Amino acid sequence: MKKPISIRIFFLILIIVGISALHYTTPLHLHYLHDIFQRLYYLPIILSAIWYGLRGGLACSLIVSLLYAPHILFQWGGHLTLEMEKYLEIVLYNVVGGITGLLSQRERERSVQLQKTADGLEQSYRKLQEQSEQLITVEKNLRNAERLSTLGEMAAVLAHEIRNPLGSIRGTAEILRDDFPPDSPKYEFIDIQIRETERLNRVVEDFLRMSKPQVMEKISCDIINELQTVISLVADDAAQRHITVKFNAPDTLPLFIGDGEKLRQAFLNIVINALQATPSGGRVTITVDASTSSLEVSFIDSGSGIAPEDALHIFEPFYTTKIEGTGLGLPITKKIIEGHGGTIQLDCLDGNGTAVNIILPLNHV
Ligand SMILES: Nc1ncnc2c1ncn2[C@@H]1O[C@H](COP(=O)(O)OP(=O)(O)OP(=O)(O)O)[C@@H](O)[C@H]1O
Ligand SMILES: [Mg+2]
């Protein structure tokens, strides 16, 4: 910043000294040259006024006047009419320096004001943008809450109307199955019937879990132990799919207060999703880490990843891309994690799978 100022001043001094030297050294009979040099003084005066405003303009015209006056007085003395014209020029130097300086100063003040207004506008625009983003999130949450409240009413009716007949279907199917040898096709059909009834039952239970307010138990829970249980629960499924499940955890973790059973259910939902998305030969890696204030659990799979258009909706109840999915796994999981004051985030790893990151604060009660 300092450099351009000193260069400008140096430039002005150079021009003024140069013009003055021309005045003092050019013989007086070349008066037409003196007329030109006289006008050349306007150049530094105007430049100084533009660069440094009113003060700059006046200071420069004053210096020019002081340098030029002795030249008139001592070299031109005796030519009264010529002298008068030149004294008048000195007055004009000061008028031009003052007016140009004033105008440029006003212009500069106006552009500062404009810049301030533009900054203010930009700030307001940014605030507006933040607020509209917040509004969109609130609206999305409201839409989900609305769905959930409808879901709550539906779930109560469904649970009542479906669960009991399902129990009877399952019971009678089991009795019927015993009438056939395991290698009979009818045994297999009835087995399918039983499995499907179990699935329906699970769907109803998911509905109920989703709609009921989650009552979290707040006792000390062992996250490593819960994750190990989840891994043993999915071990058969993973083996059938030829998927390796890897677990990285420190020997001990800080004490975590929360609902172990609910967290286990949340972890199970994520691991099942990971297994369902991962092709044969793939891998699911579960990692636990602790910082001073939180626990971080990540699940990384080598599956298909999530398409951007799906990523926007995966936490919405009933959003599923699977033929047999209910779309309730992730909303339930999110509810459980947020019930512990935590956060959950799903990131697509550029077509090389999905990373689910959960952060659970240690001081949440
Ligand atoms: N690890 C993952 N890899 C790829 N896609 C995933 C993964 N986890 C979730 N998804 C996507 O998110 C959607 C919603 O998952 P969510 O668990 O809520 O329901 P779902 O798995 O489809 O059904 P449900 O859990 O009831 O069986 C899935 O249908 C899938 O498209
Ligand atoms: Mg799921």
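For this chain, numbers begin at 1 and follow the sequence in order. Worth saying up front: this structure is predicted, and the values here are computed from it rather than measured. Numbering of ligands and ligand atoms starts at 1, following listing order.
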Original post:
Rounded to the nearest 0.5 Å, how far apart are CD1 of Ile337 and CD1 of Ile358?
Top reply: 4.0 Å
Original post:
At what distance is the nearest protein heavy atom to atom 26 (O) of ligand 1, and which residue and atom is it?
Top reply: Thr326 OG1, 2.4 Å
Original post:
Between atom CG of Leu88 and atom CD of Glu85, what is the distance when rounded to the nearest 0.5 Å?
Top reply: 8.0 Å
Subject >> For Asp191, the option from Arg170, Arg177, Lys186 that meets salt bridge (charged side-chain N to carboxylate O under 4.0 Å, His left out) >> reply: Arg177
Subject >> Within one Ile-Leu-Val-Met-Phe-Trp-Tyr cluster: Leu102 and Ile46, side-chain cutoff 4.5 Å >> reply: no
Original post:
So is Leu328 in contact with ligand 1, going by heavy-atom distances below 4.0 Å?
Top reply: yes
Original post:
Under 3.5 Å, N or O to N or O, is Ile306 touching ligand 1 that way?
Top reply: no
Original post:
How close does the nearest protein non-hydrogen atom get to atom 14 (C) of ligand 1, and which residue and atom is it?
Top reply: Tyr319 O, 3.4 Å
Subject >> Shortest protein contact, atom 1 (N) of ligand 1 (heavy atom only) >> reply: Asp301 OD2, 2.8 Å
**OP:** Would you check if the distance from the ring center of His71 to the ring center of Phe37 is below 6.0 Å?
**Re:** no
Original post:
Of all the non-hydrogen atoms in the protein, which one sits nearest to atom 17 (O) of ligand 1, and at what distance?
Top reply: Asn273 ND2, 2.8 Å
**OP:** Considering the heavy atoms of Leu330, write down every atom of ligand 1 situated less than 4.0 Å from one of them.
**Re:** 9 (C), 12 (O), 15 (O), 16 (P), 17 (O), 18 (O)
Original post:
When you measure from the side chain of His340 to the backbone N and O of Leu263, does any donor-acceptor pair fall under 3.5 Å?
Top reply: no
Subject >> Residue, atom name and distance, where the atom is the protein heavy atom closest to atom 22 (O) of ligand 1 >> reply: Thr320 OG1, 2.5 Å
**OP:** Could you give me the CA-CA distance, side-chain angles and deciding distance for Glu89 and Tyr42, then say whether side-chain hydrogen bond (donor to acceptor under 3.5 Å, both in side chains) is met?
**Re:** CA-CA 10 Å; Glu89 193 84 45; Tyr42 285 109; 2.6 Å; yes
**OP:** Return yes if a side-chain donor-acceptor contact under 3.5 Å exists between Ser104 and Tyr52, otherwise no.
**Re:** no
Original post:
Does even one non-hydrogen atom of Pro331 get within less than 4.0 Å of ligand 1?
Top reply: yes
Original post:
Given that the side chain starts at C-beta and the backbone is N, CA, C, O, which of these parts of Ile270 lies under 4.0 Å from ligand 1, counting heavy atoms, or is it both or neither?
Top reply: neither
Subject >> Nearest neighbour in protein (non-hydrogen) for atom 21 (O) of ligand 1 >> reply: Lys322 NZ, 2.6 Å
**OP:** Between Gly303, Gly329, Ala274, Gly305, flag the one that comes closest to atom 4 (C) of ligand 1 by a heavy atom.
**Re:** Gly305
**OP:** Assign the ring pair Phe299 / Phe267 to parallel, tilted or perpendicular, where the plane angle (0 to 90°) is split at 30° and 60°.
**Re:** tilted
Original post:
If you measure every N/O of Thr321 against every N/O of ligand 1, is any gap under 3.5 Å?
Top reply: yes
Subject >> Enumerated ligand 1 atoms positioned under 4.0 Å from heavy atoms of Gly325 >> reply: 23 (O), 27 (O)
**OP:** Tell me, please, if Thr326 has any N/O/S atom, main chain or side chain, under 2.8 Å from the Mg ion (ligand 2)?
**Re:** no
**OP:** Could you tell me the residue and atom name of the protein heavy atom closest to atom 19 (O) of ligand 1, and the distance to it rounded to 0.1 Å?
**Re:** Gly327 CA, 3.3 Å
**OP:** May I ask you to check whether Ala277 has an N/O atom sitting below 3.5 Å from an N/O atom of ligand 1?
**Re:** no
Subject >> Same apolar cluster: Ile314 and Leu275, side chain cutoff 4.5 Å >> reply: yes
**OP:** Starting from atom 11 (C) of ligand 1, locate the nearest protein heavy atom and write down its residue, its atom name and how far away it is, to 0.1 Å.
**Re:** Ile314 CG2, 3.8 Å
Subject >> same_hphob_cluster(Val245, Phe247) at 4.5 Å side-chain heavy-atom cutoff >> reply: yes
